[in-house]
Amino acid sequence: MSTNLRHVKPYEPHEIERKWQRVWSDEGTWRVPNPGQPGFDDSVPKSYVLEMLPYPSGEPHMGHLKTYSIGDALAHFRRRHAMRVIHPMGYDAFGLPAENHAIRTGEHPRASTEASIETFRREFRSWGISIDWSREISSHDPDYYRWTQWIFLRLLERGLAYRAEAPVVWCPHDATVLANEQVVDGRCERCGNPVESRRLEQWFFRITDYAQRLLDDFDELDSWPEHVITMQRNWIGRSEGAEVVFTCEELGIDFPVFTTRPDTLFGATFFVLAPEHPELERLVAGTDAEDPVREYVDRAMRAGIEERSAEDRPKTGVPLGRTVINPVNGERIPTFVADYVLMEYGTGAIMAVPAHDQRDLEFAQAFDLPIRRVVEPAEGEVPDDVAYVEHTAGERLVDSGPFTGMTPAEAIPKITAWLEEQGKGHPAVNYRLRDWLLSRQRYWGCPIPVVYCEECGIVPVPDDQLPVVLPDVEDYAPKGKSPLAAVEDWVATECPRCGGPAHRETDTMDTFVDSSWYFLRYLDPRNDAAPFEREIADHWMPVDQYIGGVEHAILHLMYARFFSKALADMGYLGVQEPFASLFTQGMILRDGDKMSKSKGNVVSPAEYVRRYGADTARTYICFMGPPEKDADWADAGVHGVHSFLRRVWSLAQEVIDRTHPSDPPQDPEGPARELLAKANWAIDKATADIGRRFHFHTAIAALMELVNDSYRLKDSLYGDPTGEAALRFAVATAASVLFPFAPHLAAEVYEQLTGTRVWEQPWPEADPALLERETFTLVVQVNGKLRDRIEASADAPEEDLVRLARESDRVREHIDGRSVVKEIVIPGKLVNLVVR
RNA sequence: GCGGGAGUGGCCAAACCGGUAAAGGCGAUGGAUUCAAAAUCCAUUGCGCGCAAGCGCUUGUGGGUUCGAGUCCCACCUCCCGCACCA
């Protein structure tokens, strides 16, 4: 039995952490050169390990600690597997919170943001994260946003950025437009207030051009969580069907509609336009319907998007008093305006088939319109108040002219082909994805580099005049246009093309633009001739492992994919997909809840680093459970991990004190062999858990077992050279494998034991001879129930195992006269005797 | 409604290919140490019956496949996440 440790020097995390942080900082340990720079070595593979860059606000929170603890563990693990790891850091510094703070306090967003960056930088260093600080960037730095503007101009030249009037989402509280993606349940993602629909002229990126490629290229990815791919797939929302033209003869207007069910065309009994539809005015101008329609449209536009999309809302609408012609049968059907039709999906107009669409059915019932079934199931009745939309075997078209009797699957291509012959339609693919609205009527963002000239219209700012520097303003309050509009001497400029009077664009860019290419700037951060050199980018890209919160599953990740594809198409980049592998971490909770200031349950990393040291905080984060899952922060758990680290420290101090450096023993016996085998088992398990699955918690648990066994066995090992060598090896191994999680403690202990720097050592490899056991515990079952465990020789043949099993007293009791009808033998594991 | 994920001791969790369910941690109990407490070290700790050897039960519920199921199949219940009047 082990006794209390001899008196040893106590574990002083702060002293150790300060020491190693200074070494890493002074020596630039984590710097990695680019191709062409001194020290560049292409003989080992590169690995780009990247965590999502932080938005600097206040101080880092637990989520940051988790992201960077995971990423750093991986970066260290890969470095020690002979990879050149690039592991940079930067700040997503533009954004609303700093600006809202400025509105309240008058403090310039630059001042508060840079103060926060200083705090983040200091804390990241205090965590001992292995960053190549020479590559640090911030999106609000003119040296950075100059190139954001440059990329915008390239997209503009290529027609991928454009200005257009369109129905857009407006947040009255933040007084700016938003991207569709920034609306959550009809509310502004930032401030939580209901948003409205407005028709405004805005800047867009033509991401819809890339909809199909954004879907197809999921195949190119190495390892992304399936649910993230699914979320993006749903967001892009590809539907196959047909575009069909309905014509208003009286006015000679064609109305194309998109449908996934051209087989139900003969069931169309009316036609509906969205309130935002641009042809509405023309349809009703000068008719009796004009006033009621205008009133309905006004009301629909005033109602918030949240209200409009509320569930179970009764269908409303107004007849237009016009008809359109159904191209398949020449029938004139009435037209309506109704807000259940959305302008942003399809063409903003639909053919209504109440028999086969639940929404159309509800509208038809409310307005007493005919319901005509044109697809019949093979058997069974369909209730009157339910639209028949299923696709079942044996269903057939009815009352559908020449297509009657076909199955829907047959009819869809035939009807579409017929429409095409008539010039009334064609096969079509529709996407739910909308173009990315990038302009914001706010101050703290990257200025959009264009001017408006009375003669020349929209004129890009020439490259040699970039950056368009964000000027200081007096008043940050939003007034429906950007605060920049008030800076008259900045706004007034001359046209770069004709030299005449012109004014600058005063909107700024969505901050997601800044973060759509930052991972490329890290690669060539001081380049002042281009955002990055293609050769350098192609060397490091793609990001081999990207790590961040699942909240960016759609927005950031899709935008960055789009930017990469556009840059690749323009020849600036050699990869289509920026992030080969993605890992989405779970949240840190407190008492089962998200941490938030309003709940008062926020715990800050700094407090725990101060109390226990960074190694404890980081190791605890990695020990809490599988990192992809949410996990509850528990002070008792932190304490447990701290005890473990202290056990490692104290054990090492005692071992250093009582033993002498030596090589690991060659072929030990007894407890020395047992401990050596345990150390090799721990290496094997931790390597697999970290490398294959990111299951740091089980890797750390294996180290706990190794340390526990070392405590249990150490007193029987002291005094014997072989035993002491095994003990030294076990403790050095524990430190070596612990290094990715608790780098300071591990570096200190490893140096004490071996005189070398642990990060310069290759990752340990388990000795196969020591992974194999001479004996194993044979599990003996009778009829599948565990009846005995017998120590058996590892190389015993199957017959011997069966014999051992049958000879067991406990097994014989359970056979008890019955006969063994089957013997199942799993070598090295168990024998199951089936008796009857 | 559509799509995705999850349910294992008092709590967090492990069990990777169908083969000893519960490794590791927290908590709890007992002991050592201490004037005492904290800290530390050691031991016990799924539930039930039993003095004990032992026996039985146990992975949300109910079925099935199998010599053997936490793991595979079917049906259901509960919870979480994403999207949602998407034509």
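Just so we're on the same page: letters track the sequence lines, and every chain starts at 1. In this text, all values refer to a predicted model and were calculated from it rather than measured experimentally.
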What integer distance in Å separates A:Asn234:CG from B:G82:P? 13 Å

Along RNA chain B (nearest heavy atom to each residue), the more 5'-positioned of A:Gly640 and A:Arg261: A:Gly640

Using modelled atom types only, decide if a donor and an acceptor are shared between the side chain of A:Gln653 and the backbone of A:Lys9 within a distance under 3.5 Å. no

Under 4.0 Å, heavy atoms only, any strand: does A:Gly237 hit a base, just the sugar-phosphate, or nothing? nothing

Ring geometry between A:Phe271 and A:Phe246 (parallel below 30°, tilted from 30 to 60°, perpendicular above 60°): tilted

Going by distance alone, is a donor N or O of one side chain under 3.5 Å from an acceptor N or O of the other, for A:Ser239 and A:Asn430? no

Length of the line joining A:Met704:CE and B:A23:P, which is rounded to integer Å: 14 Å

Please verify the inter-ring angle class for A:Phe694 with A:Phe696; under 30° counts as parallel, over 60° as perpendicular, anything in between as tilted. parallel

Evaluate the side chain to side chain contact (heavy atoms under 4.5 Å, CB included) criterion for residues A:Asp263 and A:Val375: first the C-alpha distance (whole Å), next the side-chain angles of each, then the deciding distance (0.1 Å), finally the verdict. CA-CA 8 Å; A:Asp263 55 317; A:Val375 181; 4.3 Å; yes

Please tell me if A:Arg432 has a side-chain N or O lying less than 4.0 Å from either OP1 or OP2 of B:A84. yes

Near-strand residues of residues 346-359 of chain A, defined as heavy-atom separation under 4.0 angstrom from RNA chain B: A:Ile350, A:Arg359

Contact under 4.0 Å: A:Ser650 side-chain N or O vs B:U40 OP1/OP2: no

Cationic tip of A:Lys315 within the cone over A:Tyr340's six-membered ring, i.e. under 6.0 Å and within 45° of the normal? yes

Report which part of the nucleic acid A:Gln781 touches: base, sugar-phosphate, or nothing (heavy-atom distance under 4.0 Å, all strands). base

A:Leu786 side-chain proximity, nearest of B:A21, B:C16, B:G3: B:A21

To the nearest angstrom, how far is A:Leu555 atom CG from B:C83 atom C1'? 13 Å

Compute whether any side-chain donor of one residue and acceptor of the other, for A:Tyr296 and A:Thr316, lie under 3.5 angstrom apart. yes

Between atom NE2 of A:His642 and atom CZ of A:Arg611, what is the distance when rounded to the nearest 0.5 Å? 10.5 Å

Just checking A:Val821: base, sugar-phosphate only, or nothing, at a heavy-atom cut-off of under 4.0 Å? nothing

Please report, rounded to the nearest Å, how far the P atom of B:G56 is from the CG atom of A:Asn783. 12 Å

Tell me the interatomic distance from A:Ile700, atom CD1, to B:C26, atom P, rounded to whole angstroms. 13 Å

Verify the distance criterion only: is there a donor paired with an acceptor across the side chains of A:Arg836 and A:Asn783 at less than 3.5 Å? no

Would you find a donor on one side and an acceptor on the other, under 3.5 Å apart, between the side chain of A:Asp435 and the backbone of A:Ile207? yes

N-glycosidic conformation, B:G9 - syn within 90 degrees of 0, else anti: syn

Checking understanding here: a glycosidic angle within 90° of 0 is syn, the rest anti, so what is B:C17? syn

Which nucleotide, B:G24, B:C41, B:A87, lies nearest any side-chain atom of A:Arg647? B:C41

Output a table of nitrogen or oxygen pairs between the protein and nucleotides 11-15 of chain B separated by less than 3.5 Å.
residue: B:C12; atom: O2'; partner: A:Met624; partner atom: O; Å: 3.4
residue: B:A13; atom: OP1; partner: A:Lys629; partner atom: NZ; Å: 3.4
residue: B:A14; atom: OP1; partner: A:His697; partner atom: NE2; Å: 2.7
residue: B:A15; atom: OP1; partner: A:Arg693; partner atom: NH1; Å: 3.3
residue: B:A15; atom: OP1; partner: A:Arg693; partner atom: NH2; Å: 2.6

When the distance from CG of A:Leu833 to C1' of B:G19 is rounded to whole Å, what number comes out? 14 Å

Check the pair A:Val834 / A:Val820 against side chain to side chain contact (heavy atoms under 4.5 Å, CB included), numbers first and verdict last. CA-CA 6 Å; A:Val834 186; A:Val820 176; 5.9 Å; no

Out of the candidates A:Ile824, A:Val811, A:Val821, only one should pair with A:Leu833 under the side-chain contact (heavy atoms from CB on, under 4.5 Å) rule; please name it. A:Val811

So, is A:Asn708 near the phosphate of B:G25, with a side-chain N or O under 4.0 Å from OP1 or OP2? yes

Per A:Tyr711 side chain, nearest of listed nucleotides B:A84, B:G24, B:C41: B:C41

Could you pull out the protein-nucleic contacts involving nucleotides 53-55 of chain B (nitrogen or oxygen on both sides, under 3.5 Å)?
residue: B:C55; atom: OP2; partner: A:Arg810; partner atom: NH2; Å: 3.3

Looking only at B:G82, B:C26, B:A87, the nucleotide nearest the A:Thr260 side chain is B:A87

Check whether any side-chain heavy atom of A:Ile621 sits under 4.5 Å from a side-chain heavy atom of A:Trp633, and report yes or no. yes

Strictly by modelled atom types, are A:Trp235 and A:Tyr431 linked by a side-chain donor-acceptor pair under 3.5 Å? no

Figure out the CD/C1' separation between A:Glu362 and B:C85, and round it to whole Å. 8 Å

In sequence, state the C-alpha distance, the side-chain angles, and the governing distance for A:Val324 and A:Phe255, and then conclude on side chain to side chain contact (heavy atoms under 4.5 Å, CB included). CA-CA 8 Å; A:Val324 292; A:Phe255 289 99; 4.1 Å; yes

Is it true that, when you exclude A:Glu791 itself, more than 12 heavy atoms of the residues, nucleotides or ligands shown sit nearer than 6.0 Å to its CD? yes

Looking only at side-chain N and O atoms, does A:Tyr711 offer a donor or acceptor that is under 3.5 Å from a partner on A:Glu654? no

Rounding to an integer number of Å, can you tell me how far A:Asp339 CG sits from B:C86 C1'? 15 Å

Do any of residues 824-832 of chain A sit with a heavy atom less than 4.0 Å from RNA chain B, and if so which? A:Ile824, A:Ile826, A:Lys829, A:Leu830, A:Asn832

Considering just the side-chain nitrogens and oxygens of A:Arg646, establish if one lies under 4.0 Å of OP1 or OP2 belonging to B:U40. yes

As a check on the pairing definition, encode RNA chain B in dot-bracket form, counting Watson-Crick and G-U wobble pairs whose two distances are under 3.5 Å, and using | for partners outside this strand. (((((((..(((......[....)))((((((.......))))))((((....))))..(((((..]....))))))))))))....

Enumerate all atom pairs, one protein N or O and one N or O from nucleotides 44-51 of chain B, separated by less than 3.5 Å.
none

For A:Glu813 and A:Arg787, run salt bridge (Lys or Arg N to Asp or Glu O under 4.0 Å): C-alpha distance rounded to whole Å, both residues' side-chain angles, the deciding distance at 0.1 Å, then the answer. CA-CA 10 Å; A:Glu813 272 172 46; A:Arg787 292 305 173 191; over 6 Å; no

Indicate, with a heavy-atom threshold strictly under 4.0 Å, whether A:Val834 touches base, sugar-phosphate, or nothing. sugar-phosphate

If you apply the rule side chain to side chain contact (heavy atoms under 4.5 Å, CB included), what do you find for A:Tyr11 with A:Asp615, and how did you get there? CA-CA 12 Å; A:Tyr11 173 39; A:Asp615 283 338; 4.0 Å; yes

